[in-house]
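Note that ligands are numbered from 1 as they come in the structure, with each ligand's atoms numbered from 1 the same way. The figures that follow rest on heavy atoms only: side chains count, while hydrogens, waters and symmetry mates do not. Each residue takes its place number in the sequence, starting with 1.
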Amino acid sequence: MTTATPTKSSTTEYDELITLVRKASLLGSTAALVDWDQETMMPPRGVEHRSRQLAQLASIHHHLATDPRIGDLLDACESDQRLVGVATAPEAVNIREVRRRYERHKKLPAELVEELAKVSSLAHHVWAEARKASDFDRFRPWLEKIVELNRRKAECYGWSDDGEPWDALAEDYETGCTAADVQAVFTPLRKRLQDFLSDLMASSTRPSNTFNEITLPIEQQEKFVRDVSKHIGFDYSRGRLDRSTHPFCSGTHCHDVRLTTRFHEANVNDALGSTMHESGHGIYEQGLLAEHIGTPMGHAVSLGIHESQSRMWENQVGRSREFWVWCMPKVTEYFGDAVASLGLDDLYGGANIVKPDFIRVEADELTYNMHIMIRFEIERAIMRGDLAVRDIPGVWNRTYKEYLDLDVPDDRRGCLQDIHWSSGDIGYFPTYTLGNLYSAQFFEAALEAMPDLLEQFEKGEFGGLKKWLNENIHAHGRRYRAADLCRTVTGKPLTADPLLRHLERKLRPLYGL
Ligand code: ZN
């Protein structure tokens, strides 16, 4: 009888490490489900008990994630060439990423984690009230507290000699992404988008807005968007679609993905865009490999890459003429006489109206990026100490005038509109525009691999794109960092060119240019 020697992919230490990692992850996914319930099903008076449940889960999670045994096992695994010899092998990826997360968790004192959770939860409540009343001064002391705690957090994490505090915070959302990197992409992008926007706004030709002005019953809208999301590839045997104020996707496992959307009688494109967007997030979560769930190899790369998947289905697919060729009979099927007078140009045009406006979440594909740039500049300056919280409204309004030629009427439609800072999330915003950029660059690569992709959309065939995304992006989990994934998939580093090409090719003809 022979004793089995450890295989290349497994040692006792590695197996124990993965068991501990999965244990923490299982608890994290349970917290995600409790959180989903809070946004969709929970009765209003459940909020206090729910916040205690979530705080308890967060505290147990922090305890599990900082277990010193993880550190010992990592030491053992890292010195074993059978595990770490090939950098892109699942074992090496898991060890590298568990180390990164473990070291970050350890840098934060438990007292700071708890203080941040507590202050964010209370600040969130004050923010909602302040927004309703359009009263920045009511929220200001809470935002000052959040900024101070985030500064402490950044100091605990640290940043490189040529970096700055914002970098330390952004690392939680987009590993390896610095303010300087973001600035290098955003500055030329802004100039080109602004010039393009001026051209569009100066044109006397505009796409038809008729489709967006028709009132349609919400019950029918819901059936319609469900049908579309199923058709593009969201698997309802492994997911759900419910309603919430702000649409989101919450993945607890690749076999249980929760999406939400919202409906307005007056604008079915809002529900359709939101549903296709969240379905894109959901298709990513469902595309992670079941055998790796609970480990970094079964986890999405970053928020920017996640956003690239949602934006691709929302914009590159859902705002293409070819999509609307396929979708037009469905619009007739679900809405009948109400849309009888509409043609393809009304549907395709209605999905592609460009109009500078105050609210980020309602912005079109082009001006959306300006909203992000403004927020990035402000949070970067705050973290550097170059801007005081009390001066945010003034800078906000001045920049909206400069970038979008808008006079912000009040703080409700200005600096109080977003939830992020009130939840303690500083460093998050740029991932939205990074998502737009990655999405356009990935889509060009998909088109190169499948030159008839757009014709497939006309026939309602979306499986080719989904399969390509499954194989090239989803199945890798965290094998590559975002920038490396981009180079691997597209052969080039991330640039703004594909997004600008995408916008120009589509919008110039629609605006008669
Ligand atoms: Zn998203």
Checking [X] now: which residues fulfil side chain to side chain donor-acceptor pair (under 3.5 Å) with it, not counting sequence neighbours?
X	result
N397	none
Q417	R375
Q221	none

Would you call R100-E97 a salt bridge at under 4.0 Å N-O?
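Looking at E97 together with R100, the answer is yes, because their closest N to O distance falls below 4.0 Å.
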Ring-face cation contact, Y157 with R104, 6.0 Å cut, 45° max:
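Pair R104/Y157 counts as cation-pi.
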Protein-derived N, O or S atoms lying under 2.8 Å from the Zn ion (ligand 1), waters excluded
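N, O or S atoms of the protein closer than 2.8 Å: 3.
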Is there a donor-acceptor contact under 3.5 Å from the side chain of R22 to the main chain of T295?
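Answer holds: no.
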